[in-house]
Amino acid sequence: MMPEWAAKSAPPRRRVTTNSAEAVVSAPPPSAFESRLIRKLQLRLLPFLFLLYIVSYIDRINLGFAALTMNKELALTSQQFGFAAGIFFFGYASFEVPSNLLLHKLGARIWITRILITWGILAALTGFVHSAQQLYIIRFLLGLAEAGYFPGITLYLTYWFRQREQARAVALFLTAIPATSILGAPLSGLILDHAHWLGFSSWRWLLFVEGLPAILCGFFTYFWLPNRPAEAKFLSAEEKEWLLAELQREEHGKLQHSHDSTFRALASGRVWLLCCIHFGALVGLYTLGFWAPQFVQSFSNKFSNTTVGLLLVVPQVVGLAAMILVSRSSDRRLERRYHAAAAILAGATALAVLGTTHSPWLSLAALSLLAAGVYSYLGPFWALPSEFLTGYGAAAGIGLINSIGNLGGFAGPYVIGAMSTLTGSLSRGLMLTGIPLLVSALLLILLRKDPATTPLA
């Protein structure tokens, strides 16, 4: 007797419609069996990965909220704060590729558990620093500990989802970024306004308390996260058979013209071009993450930390909605480059507005456009590497792209801090950080449509 998936699903076929100069490929409608299985994978894996990324992103950017009171206590200039925020990414970049290769070799369960526990300890210890130098050191070590986490999860998702589902899977996972601020911004503001326990400053409590969940989640990860579909107890034998067959079919197609070794991936011009694109995009993402609280506070000296946190919910909600809509459109059309380019262009426009306007409400609208742009770029962009990388090549290539790209997390915050110290205003720095986003959008538009990106019949 034929299994249900073989009986009810037709072989996948491509439907091509011509739209301007380039063909747009739409994914065939999934069978009932397919839809149920993909839904099961999403419900079993993505909520937990979503939770882990909330924990990660809080520990990465809560320094932006701590700065509202920490900078004065530690006598930090804007330039020193920008350096402290950005030096995290030097530690992060230095161990990114080795970390991803170890994840591919040892398995996600063991390696992600290690990452979570070590970064949770260091994140909590950040609340005990007493000088700019100590802050620099602990932030660098925190980046080193967290290295490989995001590209590791991106690689992990390729073990479970086909190319046609990857943009949405990555975007659903990364909705944790705006969700972190929707939940964390008001909470951080409340902690800063009210937590003055045992003689410690509220910013110290903020950093200490928000580091503890990573340690707890690390222990839970070891028991909850299966390494590969073959180990998944929540899948039936029939579901495993279908999923493994589909993933192997895609791998076979990529191997005909892909970079399947570490060396070939690291030497690939396409990989390095994606590195440059991601660098420019993350300048905008971390400008939003680290400087938005201080920028919103500059609207009025009457704003409390709690008010700042509540106002920052608005752009995050807009960004969350845009992220989901753009990723769905990208998966439906099986198109990545133009979706990502349009999103980044929106972010560059928003930074230009932020650098020229003095209206609080127009600034809030521009922050919302910036969030929509930099967040909705992520899903389509991270579907690009898996179109031509596989195996250890995927581990190395994704690690390198994220490693180089995240140096934009240093460049953006540092440039804004340096310009703010020089001019006494955030405006000039915000305008400058829009330039890398424009370059990234242009590179995405010019990115050659690799033969490996054509879905297999």
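All residue numbers refer to positions in the sequence shown, counting from 1.
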Does the side chain of H104 reach to within under 4.5 Å of the side chain of Y159, using non-hydrogen atoms?
yes
Check: R337 side chain, L447 main-chain N or O, donor-acceptor pair, under 3.5 Å
yes
Using side-chain heavy atoms (C-beta onward) and a distance below 4.5 Å, is N100 in contact with E96?
no
L288 and P293: which non-hydrogen atoms are nearest, and at how many Å?
O-CD, 4.5 Å
Relative to the ring of F95, is the ring of W111 parallel (under 30°), tilted (30 to 60°) or perpendicular (over 60°)?
tilted
A side-chain contact here means heavy atoms from C-beta on lying under 4.5 Å apart; do F220 and L116 qualify?
no
Check whether S94 reaches the backbone of G91 with its side chain - one donor and one acceptor, N or O, closer than 3.5 Å.
yes
If we only count heavy atoms from C-beta on, is the N402 to W382 side-chain gap below 4.5 Å?
yes
Could you check whether E210 and S188, counting side-chain N and O atoms only, form a donor-acceptor pair closer than 3.5 Å?
yes
Stepwise side-chain contact (heavy atoms from CB on, under 4.5 Å) check, L225 with Y156
CA-CA 11 Å; L225 206 64; Y156 180 73; 3.6 Å; yes
Measuring only between side-chain heavy atoms, which start at C-beta, is L247 closer than 4.5 Å to R162?
yes
Could you tell me the separation between the CZ atom of F81 and the CH2 atom of W291, rounded to the nearest 0.5 Å?
5.5 Å
I'd like to know if the side chain of E335 reaches the main chain of S330, judged simply by a donor and an acceptor atom lying under 3.5 Å from each other, with no hydrogens or angles considered.
no
Is there a side-chain contact between L407 and F279 in this structure, where contact means two heavy atoms from C-beta onward sitting under 4.5 Å apart?
yes
Return yes if some donor-acceptor pair links the side-chain N/O of E250 with the main-chain N/O of Q163 below 3.5 Å, else return no.
yes
Return the minimal non-hydrogen interatomic distance between L364 and L311, and the atom names on each side.
CD1-O, 3.8 Å
Closest non-hydrogen contact found for I182 with V313 is O-CG2, 3.7 Å
In terms of side-chain geometry, is the basic nitrogen of E231 or R228 positioned less than 4.0 Å from the acidic oxygen of its partner?
no
Over 12 foreign heavy atoms within 6.0 Å of OH, Y222:
no
Smallest separation among heavy atoms of L430 and T287, with atom names:
CD2-CG2, 3.7 Å
Just by distance, do the side chain of T154 and the backbone of F150 share a donor-acceptor pair under 3.5 Å?
yes
Using the ring of each side chain (for Trp, its six-membered ring), is H278 parallel, tilted or perpendicular to Y377, with breaks at 30° and 60°?
parallel
Looking at CG of L122 and CG of L141, how far apart are the two atoms once the value is rounded to the nearest 0.5 Å?
6.0 Å
Without swapping roles, check the side chain of E146 against the backbone of L142 for a donor-acceptor pair under 3.5 Å.
no
Counting N and O atoms only, with roles assigned by atom type, does the side chain of R336 sit under 3.5 Å from a partner on the main chain of G379, one being a donor and the other an acceptor?
no
Between L68 and W203, does the side-chain contact (heavy atoms from CB on, under 4.5 Å) criterion hold? Intermediate values first, please.
CA-CA 8 Å; L68 298 178; W203 67 267; over 6 Å; no
Would a distance-only check, ignoring hydrogens and angles, find a side-chain to backbone donor-acceptor pair under 3.5 Å from W119 to I215?
no
Heavy-atom closest contact (V314 atom, S368 atom, distance):
CG1-OG, 4.0 Å
Surrounding CZ of F234 (heavy atoms of other residues, nucleotides or ligands, distance under 6.0 Å), is the total greater than 12?
yes
For the residue pair Y92 and F88, categorise the inter-ring angle as parallel (less than 30°), tilted (30 to 60°) or perpendicular (more than 60°).
parallel
dist I277:CD1 -> S440:OG (nearest 0.5 Å) comes out at 6.5 Å
Roughly how far apart are I398 CD1 and L400 CG, rounded to 0.5 Å?
11.0 Å
Distance-minimising heavy-atom pair for P380 and V326:
CG-CG1, 4.0 Å
I110 side chain near N227 side chain, heavy-atom distance below 4.5 Å
no
Stepwise ring pair (Phe, Tyr, Trp, His ring centres under 6.0 Å) test for F128 and F208:
CA-CA 8 Å; F128 295 94; F208 176 73; 5.8 Å; yes
So does F295 get a backbone contact from the side chain of S298, meaning a donor-acceptor N/O pair under 3.5 Å?
yes
Do I324 and R328 pass the side-chain contact (heavy atoms from CB on, under 4.5 Å) test, and can you show the C-alpha distance, the side-chain angles, and the key distance before you say yes or no?
CA-CA 6 Å; I324 294 172; R328 284 181 176 175; 3.8 Å; yes
Residues in side-chain contact (heavy atoms from CB on, under 4.5 Å) with L438, at least two apart?
L345, A348
If I take atom CG from residue L235 and atom NZ from residue K240, how far apart are they, to the nearest 0.5 angstrom?
6.5 Å
Quiz item: cation-pi between R44 and W224, 6.0 Å / 45°
yes
Look only at the side chain of S268 and the backbone of R270, and say whether a donor-acceptor pair between them is shorter than 3.5 Å.
yes
